[in-house]
2 protein chains.
Amino acid sequence: MEQIHSKDTQTIADRLSDELITSIVKGDIPSGSKISEPDLARTFKVSRGPLREAIRRLEGLHLVARIPHVGARVVSLHSEQLVEIYQVREALEGMAARLACSNMTDEEIAELKELLDAHERNIEQSEGRDYFQHEGDFDFHYRIIQGSKNQRLIELLCSELYHLIRMYRFRSSQILSRPNKALTEHRHICTAIEERDGELAEILMRRHINTAQKHIEQEFQREEE
Amino acid sequence: MEQIHSKDTQTIADRLSDELITSIVKGDIPSGSKISEPDLARTFKVSRGPLREAIRRLEGLHLVARIPHVGARVVSLHSEQLVEIYQVREALEGMAARLACSNMTDEEIAELKELLDAHERNIEQSEGRDYFQHEGDFDFHYRIIQGSKNQRLIELLCSELYHLIRMYRFRSSQILSRPNKALTEHRHICTAIEERDGELAEILMRRHINTAQKHIEQEFQREEE
DNA sequence: AATCAAAATATTGTCGACAATATGAAGGAA
DNA sequence: TTCCTTCATATTGTCGACAATATTTTGATT
């Protein structure tokens, strides 16, 4: 009666879909490549039954696109789609910040502030290390989303859009070109939450994400030259 | 080379999942009931392979909740979850209205106005007929979402949240208690879009949905007495 | 009678085989 | 050569059977 959350109770299909998500996000299975069922079945040493169920899940997450009788391909993110994702993200995370103002405990807010302090130290210490910046950025956003206490919102952002954004980040690694500027924006958002000013927190979060979106657009424009 | 979109090319799993969605939304398969694979396979005269793939899709749409080795149950919407959905909807449809201001063509806006005229006539004619009000409400929102031209947003609202909201509407049929008030709000939103005022359109749409949310909360409170 | 243990039953999970469809290769006509 | 048709191959879709796990029933003990 203790092993409710034990890994053993997971099915092959569930485990497989998690592994496939990781492989796709990391780029081990490259963007645009075809998902061959016989190949993957051999690689992962499973039969095609659970594999197909896993693919169905990836399809729902928009990580692969499937055409009946033809097969599934890993999606490839173009600038237009990334902009679309960021518009959705702006709306949802704005709402998350607003809700977080009502629903985060004082303790959670204190931890959020500590997190930002840690980030500041990290930036001073490891100048230009992209990895920590990315992870740090995620931590911050992740906590606010969780702080909204809206399960639907959490699921949408952390389990659905999340993968696509990470997938993009793995491809082009310098997004947050100004870590200090980002940290400042994070601090302002945190302050608004501390003051329980939902209106302001939402506006600041939306502006913060909108800035990131504009940077991405610039990045793509530069690429196309 | 003409039959790309022909129905024949659909797989059993795809067709099945559509049918199951309809059954669940309409309530033919009631909320909270267990999805028995052997039963359903008999009912729909298919084997369990495609059926399981279909269930995976429903799981992704949050229409069923699955527990490994135990089975899947149709979700049952409680007031808390409905409020969560409406908070998400407020954020997303607000963004949709904002984007629609930039991206709808003059022609599409003209059609939107015509739609509202038709609704007005319908309300005068068939006082209290809930059905038309619901469908009309959907039409209006649907067109603005489409007008955003953001595929991700469209997919999210029209193919994912959509079902859950319809599921609720089938259960309790008097949501829009004031069709005239709703129509007025629709007109204001439409005017904002006509004037290409994204800021205002978003605010009005959010307020409109927020009102609906409050009505739902009242409805549930009354139920619990 | 109530509670627990163990066997019987049913359901979910997995697999390999076959059918249906699409893709690629070979061969022939313009 | 280039294009089209036909055939061969490979992949996807579907099915029925078996294994693993959960649920129910039974019966034994207190």
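Model, not experiment: these values are computed from the prediction. The sequence lines fix the lettering, A, B, ..., with proteins before strands; numbering per chain opens at 1.
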Should we count CZ of Phe44(A) as having more than 12 external heavy atoms under 6.0 Å?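 Enclosed: over 12 neighbouring heavy atoms sit under 6.0 Å from CZ of Phe44(A).
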Side-chain (Asn103(A)) to main-chain (Gly147(A)) donor-acceptor, under 3.5 angstrom: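 No; zero donor-acceptor contacts below 3.5 Å.
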Measure [atom1]/[X] against [atom2]/[N] and give the value in whole Å, please.
X        : N       : atom1 : atom2 : value
His69(A) : dT9(D)  : NE2   : P     : 22 Å
Leu51(B) : dG13(C) : CG    : P     : 11 Å
Ile67(B) : dT11(C) : CD1   : P     : 17 Å
Arg73(B) : dT12(C) : CZ    : P     : 11 Å
Phe44(B) : dT14(D) : CZ    : P     : 15 Å
Glu59(B) : dT12(C) : CD    : P     : 14 Å
Ile55(A) : dT12(D) : CD1   : P     : 8 Å
Gln10(A) : dT12(C) : CD    : P     : 18 Å

Indicate whether OP1 or OP2 belonging to dG13(C) is found under 4.0 Å from a side-chain N or O atom of Arg66(B).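 For dG13(C), OP1 or OP2 has a side-chain N or O of Arg66(B) closer than 4.0 Å.
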So, does Arg52(B) get its side chain near the phosphate of dT12(C), meaning an N or O under 4.0 Å from OP1 or OP2?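 Result: no.
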Min side-chain heavy-atom separation [X]-[Y] under 4.5 Å:
X         : Y         : answer
Ile35(B)  : Val74(B)  : yes
Leu63(A)  : His163(A) : yes
Gln146(B) : Cys158(B) : yes
Leu164(B) : Gln81(B)  : no

Using the rule side-chain hydrogen bond (donor to acceptor under 3.5 Å, both in side chains), only one of Arg206(A), His208(A), Lys214(A) pairs with Asn210(A); which is it?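 The passing option is Lys214(A).
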Using a strict threshold of under 4.0 Å (side-chain N to carboxylate O), is an ion pair present between Arg98(A) and Glu202(A)? yes
Taking only nitrogen or oxygen atoms into account, show me every contact under 3.5 Å that the protein makes with nucleotides 15-18 of chain C, one pair per line with its distance.
| unit_1 | atom_1 | unit_2 | atom_2 | d |
| --- | --- | --- | --- | --- |
| dC15(C) | OP2 | Ser47(A) | N | 3.0 |
| dC15(C) | OP2 | Ser47(A) | OG | 3.1 |

Using 30° and 60° as the class boundaries, would you call the ring planes of His141(B) and His186(B) parallel, tilted or perpendicular?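 Rings of His141(B) and His186(B): perpendicular, as their planes differ by over 60°.
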I need the residues from residues 33-42 of chain A with at least one non-hydrogen atom less than 4.0 Å from DNA chain C; give them sorted by number, or say none. none
From the set dT21(C), dT23(D), dT14(C), return the single nucleotide nearest to any side-chain atom of Glu53(A).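 Output: dT14(C).
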